[in-house]
Amino acid sequence: MRYIEWAFLFIIAGLGIALANFVGFEVGFMESLPGILILLAISMVSVFISKLVPLKLPIVAYCSILGLLLSCPFCPAREFVIASANKINFTAPLTMVGAFAGISISGQLKEFAKQGWKMILIACLVMTGTFLGSAIISQIMLSFTHAI
């Protein structure tokens with residue numbers, strides 16, 4: 001995919017995040033704009049890095065690494081990055097991710113249906129296991145840190 005297409009999709013995603021953040025959480029556009037720009041910049045730089053670095057990791061991995069580096073104590077922009085990102089409720093971007101995922105698989109439903117009932121069973125088990133595993137890990141860590 002060309003970089004102009006990536007940039008266009010990131011702009012659409014940023015507008016969607018801003019809208020979801022405003023409608024769902026009553027955070028003004030100008031208030032959330034720095035955080036959205038930081039997240040989109042991290043995403044775009046991650047796309048470039050994934051094309052340049054010979055180590056073939058998913059773009060999400062590069063996003064995570066770059067986000068961690070920008071928010072760790074030795075980064076001079078740490079306070080600004082964290083303060084800006086805190087203005088965004090992260091369930092707002094998840095709305096966009098869910099919409100993109102739904103759109104991306106909608107054209108492949110016939111192929112999915114051809115897999116049969118076993119694939120649906122496996123998908124349900126994977127989703128349930130992922131949810132339960134995350135819930136157990138969260139419960140252990142929150143109990144360990146006395147947050148609950």
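This one's a predicted model, so the numbers in the text were calculated from it and none came from an experiment.
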Identify every side-chain donor-acceptor pair in residues 37-50 under 3.5 Å, counting partners at least two apart or on other chains, and give the distances.
{"residue": "S43", "atom": "OG", "partner": "L39", "partner atom": "O", "Å": "2.9"}
{"residue": "S46", "atom": "OG", "partner": "I42", "partner atom": "O", "Å": "2.7"}
{"residue": "S46", "atom": "OG", "partner": "C63", "partner atom": "N", "Å": "3.2"}
{"residue": "S50", "atom": "OG", "partner": "V47", "partner atom": "O", "Å": "2.7"}

* Asked: C124 and T128: which non-hydrogen atoms are nearest, and at how many Å?
  -> O-OG1, 2.8 Å
* Asked: Near K118 NZ, under 6.0 Å, is it more than 12 heavy atoms from other residues, nucleotides or ligands?
  -> no
* I148 atom CD1, over 12 foreign heavy atoms within 6.0 Å -> yes
[atom2] on [Y] to [atom1] on [X], rounded to 0.5 Å:
X	Y	atom1	atom2	value
L52	Y62	CG	OH	9.5 Å
I122	M119	CD1	CE	5.5 Å
I88	F90	CD1	CZ	5.5 Å
F10	L15	CZ	CG	13.5 Å

Under a 4.5 Å side-chain heavy-atom rule over Ile, Leu, Val, Met, Phe, Trp and Tyr, are [X] and [Y] clustered together?
X	Y	value
L121	L132	no
I82	F74	no
V53	L57	yes

* Show the numbers, then the answer: is there a side chain to side chain contact (heavy atoms under 4.5 Å, CB included) between I136 and F131? => CA-CA 9 Å; I136 290 169; F131 174 77; over 6 Å; no
Return all side-chain donor-acceptor pairs below 3.5 angstrom for residues 21-35, not counting sequence neighbours, or 'none' if the list is empty.
{"residue": "N21", "atom": "OD1", "partner": "N89", "partner atom": "N", "Å": "3.2"}
{"residue": "N21", "atom": "ND2", "partner": "K87", "partner atom": "O", "Å": "3.3"}
{"residue": "S32", "atom": "OG", "partner": "G28", "partner atom": "O", "Å": "3.3"}
{"residue": "S32", "atom": "OG", "partner": "F29", "partner atom": "O", "Å": "3.3"}

